[in-house]
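Here the structure is a predicted model, which means the values were calculated and not measured.
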Amino acid sequence: MAKRKSVETSSGMAVDEPVPDLSDVFIQVRLTTKSSKFALPDVPYSLPGVTKSADLNIVINQLLGEYAAEQWIPVEFDFLINGEILLQSVGEYIYERKIPSENVLEIEYIEHLPAPEPEASLDHPDWVSAVQMLDDCILTGCYDNQVRVWTRKGALVLAHAAHISPVRAVAWVNVSDTEGSFLTSSHDQTVALWSLENRKTQHAAVTPKAFYRGHAASVDGLAVSPDAQKFCSVSFDKMVKIWSLSDTPSVESEETVEPAEKKLKGDGKKLTKTPEATLSGHKEAVSCCAWTAPSEIITASWDHSIKIWDVELGGMSRQLDGTKAFLSISYSPLSKLLISGATDRIVRLYDPRSNEGSIVKIGFASHMGWVSSVAWSPTNENLFISASYDKLMKMWDVRSPKSPVYDMAGHSDKILCSAWSNTNLLLSGGADNDLKMFSADV
Amino acid sequence: MSTAKVATASTTLKRKTAQDAAPVAETAEELIDLFVDAPLSEEEDEEGSDNSSSSADEEEQDGGVEENGERETDEVEKESDDEDEDGESDDSSEYSDLGEEDSSNEEESETEDGTAEEKPEKGLSKKRSSEKTAADISPASPVAGPSKPAAETDVHAVRADPAEYDIDSSDEEDLRNTIGNVPMEWYNDYPHLGYDWEGKKILKPAKGDELDRFLKRMDDPEFWKTVHDKSTGQDVVLSNEDVDLIMRLQQGKLTGQGDPYEPYEDVFSGEVMKTSLVTRPPHKRSFIPSLLEKEKVGKLVHAIKMGWIKPWKPQTDSTEEPEPQFYALWEKEKTEDPQSKSARARERNATKAPKMKLPGHAESYNPPPEYLLTDEEKKKRLEQDPEDRTLDFVPRSYPSMRLTPSWMPLARERLDRCLDLYLCPRKTVLKVHVNPEDLIPKLPKPKDLMPFPTVQAIIYRGHTGIVRGISVHPDGQFFASGGDDSTIRIWEVSTGRCFKTFTAPDKVVSVAWCPKADVCLLAAACGNDLLFFNPEIGDKLVCSNTDRLLGELDLSVAPTGGIASFLDVNDAERAVGLRLKLRHTKKVTSISWHGKGDYFSTVAGDSGGQVVLHQLSRLRSQTPFKKLTLVQKALFHPLKPFFFVCTQRSVRIYDLSKNLLKKVLQPSCSTVSSIAIHPKGDNVLVGSYDSRLCWFDLDSSVKPYQTLRHHNNGVRQVVFHNRYPLFASCSDDGSVIISHGMVYNDLNEFPLIVPVKQLKGHIKDGESGLAVLDCQFHPHQPWIFSAGADKTIRLFV
């Protein structure tokens, strides 16, 4: 299911013009590493220009074998030159970047990332539109109006008809050993807070805690603030709304508007809550949102812009303009960087803090369809995944923008959602009614 | 005379050493004096001797024999004798003559200056050699102007450094090396360079290597003017004067000393005096032909006769093939060039025409009576042969010139000429030069016209028959489609999810959302019915509002029996979303809503039919254009109360407020299929089944502003984008063509129409021959949806 991107294809893609004969070029390199386990004496080596990663691997493993006390088991490494993963031969790298071959080239080697292991595939009765995982609980939203909670092993804890329309987004608020709470949003224009009880027993149950009404179209994105006191929701009605999660409801509104809703939700009127703040400014549907700080959110919209809002002040603080409608964003608290997926198939990396140079720092082009979902690794600041309508999920390393690290195939239709859990499980759900799981050893 | 000497002096100047300074000091002084005086004394001498040129020549020839320095002392005494004695000629010794004269001058000066008497021999020999070199350079120009200044230069140079010059005469070769004029390379292998006066070896001075040389070059400020003397192996540093002199010589300038503009003195005068200054009669030899020459000529003649000498170059070698010569056959201008030789010759040799005989009295218009022929003469003339007649005409008399028979034609011709001049146009007609490339309009590149749909993004699968019509919800989140599978489907744009499906009783031909913002109502043309659905998507408030508004309608008051009537729906139909029916008497083919969402129009009839206008709020229908048949489409103007009715051949525009026909557009195509109005309302696009697209500018003309023929088959639908300057057309050839259609606010500027992209993706249905039946733009994004005969709907972004 997961395949290693071959080095040859990626190098062939990178080099267009003919490269001069590199067989008689020798380059001085110094091999360094940050892990003490694989440290080598600091001696420069002279390598032929045609050396590739595989050759370097042999060299390093041989050297490590010489210095090792006991029997050395070969380890696969990746090689970084100036913070970029080496995909072609060293000579080609130098030639492309016009680095003088007299210099001693510093090559850092890092342990090679093992391929994600495909795990269970969770069948759903309808399209999987949203997925999120916290600790060992997987939460999925489905087009059959239900949300499902799964265990890490892939066992269904429960399914609950949370909405009267397809679920668009789900988000965990917290998870403890026995219980948890999560948010769901749907095409029926509501967001609901649910509490999960006795989740590890047979008597697992879900009870509604609150309904958040105020949007006038499908709620497409949810994000819980880092301190779990608030959450924000974005909708197709161009609005961004901030809601409070605290138990004391700020405004208890008497249900007036929705007589039809009342019948369905029983005692729903007591639980209905109104937004704390509404941020308007987007000219088109807002597709995705993310918290960057306790009082700052980022939203992406179909109006070709990403806006950064200050929640405290209730206004926009910065805008990043693109050229295509944005479908998804993800913010990494580790690297403080932002990635976006758009309708033009390219994943773009932004630095929301920088004001200099181009807005887009790196473009990752490999997908053949709309990029429906992107997610940073919660533990590794260089890795992220992107899922696309071309049925592929790709794992990327920021240091090798030219080709993805791994392609994860398996879906037979569009992928609609993806997630990278804090337990390093990669999840992707799609229009083939499947949720695929991959375990990444990062 | 002494120009060459200057050159030699400059190189040898510094070679003198103190060693041989003393003995020749006086001689040098003499020499200088001699040079200074020489021209003067020569002049005197010439004046004295040159009575005639012949005598001067004679003298030159005479002196030549003397080459022996010893004899020269006697020269003065012998001179007169020599003149007589020297019979044998020596042509080459002009200079010796000069030398002779100089020597005589020298002797004079020597006698004047008593101090020089001790060393006559050496001084003489040195001087003689100097004169030789001088004469070598300019033997035939005794009149050399700068000779005297040059001599003076020498003097200056010498006087500037008398100590150095004491030892040597100016022109002497370096005396220290006695090997003579042999290449110095012969001594390359020896440690010495040659031999000095005493016969001792001159050893090569120690020679530094390249590094020394380089250091010297760096350190020694005088390095640049240091010269290596091969014969001694020494390095000689030139003085500033020398350098200056050399540079001047190299630049071809005067040496810079002395007066270059001294009056010219004609030393050897060419003037022949009337009386000879000398009493000597001309020599006998000047009368007698030279035997020597005769002999020489004889030899040459003999050699030519014998073929030893070829007096002229032989003709082209027979071994070499003659180069082919080509003539420019058609080069007329060259031959007809009046300057060319042949043309000039032809001109010169042309035989001139004989002069006309001047007219006599007989030719006069009124000749004297004696020239007039009498009757007898006339008769006689007639009898004569024409060649025997004295006159070839019969003289006639007219009282005035005007009465001559030739007058009238002449006057006529003159008049005609005058009229020509008077009436001809005086303006030259300018010919228009048009570069065909300038006629092509300069279109911008499609890349600059982004954004527009370029690639297929999502395929919406679900229909089981040909998809006939699509309509995008004004919000942009959903769109509806209907097709031959008798279903109406609502799709989610961003995911490709078929959100809802409504089953219709018949094939759905066309669907259209009500443009009103506060209702969610979808109209679908299905057989004879127009079905109104509330799909309940989007805002719930809007959906409930729609139901409320429709519920308020009182169907009991709705008129019945006309061409169309509104019908209520039963509960089962209401449960699946149907809210209202509008039944026509004929098949409904198209729907279009007015922008405010209350009025709408349908076209009813099997293949093109009648236009029916409806009002939803009052449930009324009317057919205002009963006479119009074969209507294809009907459309409301987006801004003004105009109504467009599209028949097969023309587009009729009605003003609804005034109830009159405003305009009839003539698309000049066979069958109009579709029509679209630009959102600003001033431009109309008409597509036709003969694969043409006509763009009309309503303000300018009823003829198309531009006709586009990019499709290969009938155009099914044309559509404008609401926000972007784009329009699209879909055709039976399976493609959707996106064009950039920019309409400017400036009324003087024509719309810019550039086709930018052909989108292919739909597969042509072989059975029906249909491919793409409908296309619609997304209301906000530059995206286009196309409905195909391959049962899919495709989104291009």
Proximity of residues 790-797 of chain B to chain A, residues having a non-hydrogen atom under 4.5 angstrom: B:Leu795, B:Val797
Toward chain A: residues of residues 447-459 of chain B with heavy atoms under 4.5 Å: B:Val455, B:Gln456, B:Ala457, B:Ile458, B:Ile459
Atom pair CG (B:Asp475) and NZ (A:Lys238), whose distance is rounded to the nearest 0.5 Å: 7.5 Å
Atom pair OG/CD of A:Ser129 and B:Glu492 - distance to nearest 0.5 Å: 9.0 Å
Any side-chain heavy atom of [X] sitting closer than 4.5 Å to one from [Y]?
X: A:Phe236; Y: B:Ser494; result: no
X: B:Gln781; Y: A:Asp303; result: no
X: A:Leu416; Y: B:Thr495; result: yes

B:Gly476 to A:Trp302 - nearest heavy-atom pair and separation: O-CZ3, 4.1 Å
For B:Lys540 against A:Ile164, the heavy-atom pair lying closest together: CE-CD1, 4.0 Å
Please classify the contact of [X] with chain B as side chain, backbone, both or neither, using a heavy-atom distance under 4.5 Å.
X: A:Trp370; result: side chain
X: A:Asp413; result: neither
X: A:Ala285; result: neither

Interface residues of residues 338-346 of chain A facing chain B - heavy atom cut-off under 4.5 Å: A:Thr343, A:Arg345
B:Phe533: ring pair (Phe, Tyr, Trp, His ring centres under 6.0 Å) partners, not counting sequence neighbours: B:Phe502
Contact origin within B:Gln477 toward chain A - heavy atom pairs under 4.5 Å: both
Crowding at NZ, A:Lys307 (>12 non-hydrogen neighbours, <6.0 Å): yes
Over 12 foreign heavy atoms within 6.0 Å of NZ, B:Lys760: no
Parallel, tilted or perpendicular: rings of A:His187 and B:Phe499 (30°, 60°): perpendicular
Test: A:Asp126 and B:Arg497 ion pair at under 4.0 Å: yes
